[in-house]
Amino acid sequence: MTDYPFLMELWAARGAILNGLGLTVAVSLLAIVLGSILGLFVGIGLTYGGGMVRFALRCYTELIRGTPVFVLILACFYILPVTGIQTTAFQAGLIGLLLFCGSHVGEIVRGALQAIPRGQSEAGKAIGLSFSQNFVYVLMPQALRQILPTWVNAATEIVKASTLLSVIGVTELLLATQQVISRTFIGMPFYLFAGAIYFAINFAIEQLGRYAERKVSLP
Amino acid sequence: MTHPEASVATTAAAPALLRIQDLHKAFQTVEVLKGVDVTLARGDVVTIIGSSGSGKTTLLRCVNLLEEFQRGRIEIDGQAIGYREQGGRRVPCTGAEVARHRALTGMAFQQFNLFPHLTALRNVTLGLIKVRKLARDEAVAIAEKWLDRVGMLERRNHYPGQLSGGQQQRVAIARAVAMTPRLMLFDEVTSALDPELVNEVLSVVQGLAQDGMTMLLVTHEMRFAYEVSDRIIFMNQGRIEEEGPPADLFNQPKSLRLKEFLKTIKI
Amino acid sequence: MTYHFDFAVVWRHENLLLSGLGLGLVLALVSILIGCIIGLAAAFGVLSRHRIFRIIATVYVTTIRNTPILVLILLTYFALPELGLRLGKIQSFIITLSVYAGAYLTEVFRAGLVAIPRGLREAGLAIGLTEGQIRRSVIIPVMIRNVLPSLGNNFISLFKDTSLAAAIAVPELTFYARKINVESFRVIETWMVASLMYVVACLIISTALRFVERRLAIIR
């Protein structure tokens, strides 16, 4: 009956843990959505931009991708207030995560766009499509199919990276769990429980991604 | 060379090096070999011809135990390989036994299958060192002898990726014969080659035949088969349709199938 | 607001920062070596004929890959002692990172093994090598060379993951950066220096790896 106290404590702490889960989902979702939009523009800029634009975006992606996410989040948390931008820990963490997401998605988008045969965009031009029409109707639909699997992967990475916000004091799922642990002195079951929830979220995202992949796959 | 088993198992007739009896082989439900009998005496050069899907490559692969077979018996020097009788039941031999049986035969493949991470020389020495347990120097000496024989000594330190298809195939043949097999199997060794590279490989095979090596070949090079073989076997739909000296088979085919087959190919 | 940059205050601790960087590299190196052994075993497990091995290996890979590494680090360091297994910070972190690396390397090795042409195994069999000898002398050496680029990428991301060791106070680069940040108040400089050190280290590693790859690559 060793599990009994754990289940009791879990029930007692359900509010705190659910709040933490809510924050984890919120910050992950925001980071993925905003980061993907950022990444889309970064990818387009890297592919079609002029020399200066490309250089600037390269610096951004290389710098972010060479830095550990943890350092990125700590840097956002400590640096932003000094530069006069007042942010909560949640906002600082979100910015760190979305910068991270943006650089990765940017690379994914660039790779996918460059993998489309040149003939496709020429064919689009030949029937009189403008650059944006060509992009929206010809190139992006093809790129999206290629992007999907890696993008899903990036999404699960963001969910996992959201745990790092616990270190800057955002009471997301991991910190909420740790607070319960420090109160109850029951470590192992709670850590396993938190791990299982993250696993469930990521597993669901992966399955959803597989489903979407099947849906959009070309014959 | 006499083997204890050989005197027991083989009966009166001339001692056969390879004896295949009533070989049956099926992939799931598809029967590929439907009772094949082949006998090779020492020094025989026998070529199997036939259209694709006739089972000729499968037959070769069975002899080297790269395929399991469900019924029948394959003997080399009177010793049954791959399976043994145990209490009236047919049981597969252990991995170590199978490895020993395989070492009795050498095989050259259509796709060469050289080890891409080893030089030509080390492709040949690998088996000598690991299987024959020779010392490194000894293995190198044997390997160099055979590489010289196939005209590849100068390129012994090249990697497969640096060699042409014909050169790779010659190294692959050297790798097989260096193990001093009693029987060499050649499985369409020129099929993956560009036409201009075919002859360099065929002349190596021909040289080995002239040295008296026993071999069983599958090839689409009919002129070569005609010149090099003591006997030709024509296979059709998993059975041997016709067998005999090349002159008979190519010039006076008896079966309708063989006549049709010879018409479809250019000699 | 104006901010006067003063990198000297941060760089005064160069020995700390560099030793932290070095420790991170060592942690990543040891972990990838152990991870390679785990990953190789698990890759053969995933491809095994036996259902039980396939299930064990697949469960291991899926579980670890979908769990945040910070949770694994904390679990190993804080919760394992509850079961009577008391480990030092560094040992505990290396175990976590190795197990974590192993799950990712399993997929790398599996793909590498699947990509090896069947004919290589048959050529080995034909000259009388046993399955074990073929695995050691042919399959694994060819596979390792083919997967070197992904091994390199995995090493770089493991090196970045060593920053998380700071969460259990392992004195690596991020740990010292936080310390200097708090002590010197040179916030921007500290994090710029730390970040750049990671970026430059990654660049040097990837350049070095490309050199090694070229040396070891199979000539085609």
Side-chain angles (χ1 to χ4, degrees), chain A residues 24 59 62-85 153 156-168 172-175 177-178 181-182 185-206, chain C residues 1-3 24 62-83 85 100 156-167 172-175 177-178 181-182 185-206:
Chain A
T24 290
C59 287
E62 290 302 320
L63 200 67
I64 302 288
R65 277 148 42 93
T67 308
V69 214
F70 189 33
V71 173
L72 199 60
I73 287 169
L74 290 174
C76 286
F77 178 66
Y78 289 117
I79 290 179
L80 288 176
V82 178
T83 57
I85 307 169
N153 209 6
T156 62
E157 287 302 320
I158 297 294
V159 174
K160 290 197 272 178
S162 74
T163 54
L164 304 178
L165 270 61
S166 66
V167 180
I168 56 170
E172 42 65 78
L173 180 56
L174 182 57
L175 185 55
T177 309
Q178 282 176 295
I181 292 170
S182 60
F185 299 105
I186 306 173
M188 187 61 107
F190 272 108
Y191 276 122
L192 289 177
F193 179 75
I197 292 181
Y198 282 110
F199 175 82
I201 297 174
N202 283 330
F203 196 73
I205 293 177
E206 267 182 13
Chain C
M1 116 176 227
T2 50
Y3 187 95
T62 332
T63 313
I64 299 296
R65 285 179 65 126
N66 282 315
T67 309
I69 180 161
L70 185 55
V71 173
L72 298 174
I73 293 168
L74 299 176
L75 182 88
T76 316
Y77 185 61
F78 290 114
L80 275 190
E82 290 175 17
L83 304 178
L85 194 61
Y100 186 73
I156 288 175
S157 61
L158 283 181
F159 168 59
K160 287 190 283 175
D161 288 335
T162 59
S163 64
L164 291 166
E172 49 66 71
L173 178 52
T174 306
F175 174 86
R178 285 178 84 183
N181 175 43
V182 172
F185 296 108
R186 305 314 300 182
V187 177
I188 299 181
E189 293 90 329
T190 308
W191 293 106
M192 274 174 77
V193 167
S195 171
L196 276 176
M197 283 176 76
Y198 276 110
V199 172
V200 170
C202 287
L203 275 177
I204 293 172
I205 297 168
S206 68

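In what follows, every chain begins at residue 1, and chains take the letters A, B, ... in the order their sequences are listed. Only a predicted model underlies this, so the values are computations on that prediction, with no experimental measurement involved.
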**Message:** Between C:E189 and A:I79, is the side-chain contact (heavy atoms from CB on, under 4.5 Å) condition met? List the steps.
**Reply:** CA-CA 9 Å; C:E189 293 90 329; A:I79 290 179; over 6 Å; no

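- Under the 4.5 Å side-chain criterion, counting only non-hydrogen atoms from C-beta, A:V69 is not in contact with C:K160.
- Not a single donor-acceptor pair under 3.5 Å links the side chain of C:E82 to the backbone N or O of A:I186.
- Counting only heavy atoms from C-beta outward, the side chains of A:L164 and C:L164 approach each other to under 4.5 Å.
- Residue with the most contacts toward chain A among C:C202, C:P81, C:S195: C:S195 (heavy-atom pairs, distance under 4.5 Å).
- Residue contact with chain A, scored on non-hydrogen atoms closer than 4.5 Å, is absent for C:S157.
- The part of A:S166 that comes within reach of chain C is its side chain, from C-beta onward, which places non-hydrogen atoms under 4.5 angstrom from that chain.
- A pairwise comparison of heavy atoms in A:N202 and C:N66 identifies ND2-O, 2.9 Å as the closest pair.
- Counting heavy atoms from C-beta on, the side chains of A:V71 and C:W191 come closer than 4.5 Å.
- Although no hydrogens or angles enter the test, the distance criterion places a donor-acceptor pair under 3.5 Å between the side chain of A:K160 and the main chain of C:R65.
- Residue C:P68 forms a side-chain contact (heavy atoms from CB on, under 4.5 Å) with just one option from A:T156, A:T163, A:L174, and that option is A:T163.
- The minimum heavy-atom distance linking C:A166 with A:F70 is given by the pair CB-CE2, 4.0 Å.
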**Item:** From CA spacing to verdict: side-chain contact (heavy atoms from CB on, under 4.5 Å), C:I188, A:T83
**Value:** CA-CA 9 Å; C:I188 299 181; A:T83 57; 3.9 Å; yes

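- Chain A forms the most heavy-atom pairs under 4.5 Å with one residue out of C:I156, C:V71, C:L74, C:T174, and that residue is C:L74.
- Note: C:S163 OG to A:L74 CG = 8.5 Å, rounded to the nearest 0.5 Å.
- Contact count against chain A (heavy-atom pairs under 4.5 Å) is highest for C:L75 among C:L75, C:T67, C:I69, C:T62.
- In this structure, chain A has a heavy atom under 4.5 Å from the side chain of C:L83, while its backbone stays farther away.
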**Request:** Please report the C-alpha distance between A:E62 and C:V199 in whole Å, then the side-chain angles of each, then the deciding distance to 0.1 Å, and finally whether the side-chain contact (heavy atoms from CB on, under 4.5 Å) criterion is met.
**Result:** CA-CA 8 Å; A:E62 290 302 320; C:V199 172; 5.8 Å; no

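- A distance of 11.5 Å separates OH of A:Y198 from CG of C:L72, quoted to the nearest 0.5 Å.
- The part of C:L196 that comes within reach of chain A is its side chain, from C-beta onward, which places non-hydrogen atoms under 4.5 angstrom from that chain.
- Here the straight-line distance linking atom CD of A:Q178 with atom CZ of C:F78 works out to 7.5 Å at 0.5 Å rounding.
- Using a 4.5 Å cut-off between heavy atoms, A:I201 does not touch chain C at all.
- Separation of atoms CD1 (C:I64) and CZ (A:F199) is listed at 10.0 Å; rounding is to 0.5 Å.
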